[in-house]
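The chains referred to below are lettered A, B, ... by the order of the sequence lines, with proteins before strands, and numbering in each begins at 1. Just so you know, these numbers come straight off a predicted model, no measurement behind them.
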Amino acid sequence: MIDLKYLQNNFDDASTKLQKKGVEISTLEQLQILFKILKKHNVTLEAMKAEQNSMSKLFGQYKREGKDISELKVKVDANKEAMLPLQEKAREAEVALYEVALAIPNFPDDAVPEGADEEDNIELRKVLELKNFGFEPKEHWKLAEMNGWIDFERGVKLAKSRFSILRGEASRLERALINFFLDTNTQKGFVEYSVPFINNAAMLQGTGQLPKFGDDLFKIEDEDLYLIPTAEVPLTNMYHDEILTEQELPLLMTGYTPCFRKEAGSAGRDTRGIIRQHQFNKVEMVAIAHPDKSDEVFELMVENASDILTALGLPHRVVELCGGDLGFSAAKTIDLEVWLPGQNQYREISSISNTRDFQARRAKIRFKDGKKNRFVHTLNGSALAVGRTIVAIMENYQNEDGSIEIPEVLKKYM
RNA sequence: CGGGAGAUGUCAGAGUGGUCGAAUGUGCCGGUCUUGAAAACCGGUGAGGGUUAUACCUCCGGGGGUUCGAAUCCCCCUCUCCCGGCCA
């Protein structure tokens, strides 16, 4: 959630920033009004409560001393009655405020490039030369068929479209990649976790998926539970509603989980192959950092993900997202896009974001800065998306006859 | 899933309608004593919000109710432990 006090005191600046993310000024004006109303109600209500408390204390004292209480009772009853409608109003104001506030995206950093969509993203650098195949490289779904690596039809039979089955060597490759990623991340200082793949609604609100993006989530029937769309949710929310010490920051975490997404708005996109599935595996990095240090941690995460691709011999480019392409929670995002020769294009394989204090505010993750509690910064990034790495290996390591080499660094894992 | 017990400050643990934000012990901080430490003794010490700082509000697992007033009474939920069932 954005800092409502900041919005209150720097309205012009805040609204300029949020226009980069397509937020209407009228929405922000409404939010500002709701915030003022709630504050006003709370101030009067607190004063009335204080009055009520002191009269109640007197009440007990009178009784002990055997004094007459009838007059006091009239006053106390009147005050109580006067509070009721105000309490109701304050409650309504709070509900209305949060309904709007929870749907407002994060401020982009000042340095984030202007732009409307991915066309305006900035390529920072390319890593590794593209390979010259000397023949027409095939797309991964063609290679999957030739090698018997992916069973698309039976995956659909078991669940529905956008589910698939990896077979034999492909399945082993997936297992090898997960281990390779986790080992690499651990060497960089990230602590490995195995977490629940189902989280409750409060956690999904903490990282920003709820309430606005519930349509993208698989919900457990009759329960307050959802399949996680990314390990970012459980890893970040491990510290939900906690106050950390400054010494334990930064907390660097990594974990492998399957991810479940409805892909509600993606009908017709990437329908062939396993680029876009309802269930996919991912190894995630999450960091909880001191606000003054989160930029350093961000660089570490980008470098780590890029190094993994380099170790796998996969050409890729590093792209900074423009304001219009930033996700809901992100203040800044760098995508790593891997080269897919079969598709003749770069495709996202990792996305690393600094959410600053946006998620920390929602999830109430703070640290002790002297006597004061301050919000931490939270960061997340893939290292890496496993399914898409398999695609990239298939397309980049294919031979003319359709056979696929295994990258050198993975051989000890196979 | 069935039966029983429980949830209070760092921890342990009292408190069954007002003087309770909460006894006592423990831990922690400071002091006395000591060459130094330990022990002993004395003093201080819960959390969140809010404020420049005070005031003030909230918090005894969570939510609702009764009452002028709730840790304490009533209802619902969650979690933990024990017993039984089922089970990887």
Between [X] and [Y], does any side-chain donor sit less than 3.5 Å from a side-chain acceptor?
X	Y	answer
A:Glu284	A:Thr257	no
A:Asn281	A:Tyr256	yes
A:Ser306	A:His316	yes

### Task
Would you sort out whether A:Leu217 and A:Ile228 count as a side chain to side chain contact (heavy atoms under 4.5 Å, CB included), showing the intermediate values?
CA-CA 8 Å; A:Leu217 301 170; A:Ile228 55 169; over 6 Å; no

If we take the [atom1] atom in both [N] and [M], what is their distance in whole Å?
N	M	atom1	result
B:C77	B:C41	P	50 Å
B:C33	B:U45	C1'	23 Å
B:G43	B:G48	C1'	27 Å
B:A38	B:C57	P	42 Å
B:U16	B:A7	P	13 Å
B:A71	B:G9	C1'	13 Å
B:C74	B:C82	C1'	27 Å
B:G69	B:G15	P	26 Å

Atom [atom1] of [X] to atom [atom2] of [N]: distance rounded to whole Å?
X	N	atom1	atom2	result
A:Asp222	B:C77	CG	P	16 Å
A:Lys49	B:G69	NZ	P	13 Å
A:Asn200	B:C79	CG	P	11 Å
A:Lys63	B:U67	NZ	C1'	11 Å
A:Asp3	B:G49	CG	P	14 Å
A:Met55	B:C68	CE	P	12 Å
A:Glu46	B:C56	CD	C1'	6 Å
A:Glu242	B:G48	CD	P	13 Å

Base-pairing assignment for [N] (Watson-Crick or G-U wobble, both under 3.5 Å):
N	result
B:A7	B:U78
B:G21	none
B:G30	B:C42
B:U66	none

### Task
May I ask you to say what A:Lys57 touches in the nucleic acid, namely base, sugar-phosphate or nothing, with a heavy-atom cut-off under 4.0 Å?
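The residue A:Lys57 makes no contact with any strand.
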
### Task
Look at all strands and tell whether A:Lys5 reaches a base, only sugar-phosphate, or nothing, counting heavy atoms closer than 4.0 Å.
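Sugar-phosphate, backbone atoms only, no base.
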
Does [N] have its OP1 or OP2 closer than 4.0 Å to a side-chain nitrogen or oxygen of [X]?
X	N	result
A:Lys73	B:C68	yes
A:Lys364	B:G48	no
A:Asn53	B:C57	yes
A:Lys372	B:G50	no
A:Asn373	B:G49	yes
A:Asn79	B:C68	no

### Message
Please compare A:Ile243 and A:Gln52 by the position of their nearest nucleotide in RNA chain B and report the one closer to 5'.
### Response
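Between the two, 5'-proximity favours A:Ile243.
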
### Task
With RNA chain B as reference, determine whether A:Arg366 or A:Gly60 sits nearer its 5' end, using the nearest nucleotide of each.
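Its nearest nucleotide lies further toward 5', so the answer is A:Gly60.
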
### Task
Tell me whether the guanidinium CZ or amine NZ of A:Lys262 lies under 6.0 angstrom from the six-membered ring centre of A:Phe218 and within 45° of its axis.
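Yes, A:Lys262 and A:Phe218 form such a contact.
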
#### Entry: Under-4.0 Å salt bridge between A:Arg162 and A:Glu263
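No.
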
### Query
Between A:Asp109 and A:Lys332, is there a salt bridge with N-O shorter than 4.0 Å?
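Here A:Lys332 does not pair with A:Asp109 in a salt bridge, since their nearest N and O are not under 4.0 Å apart.
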
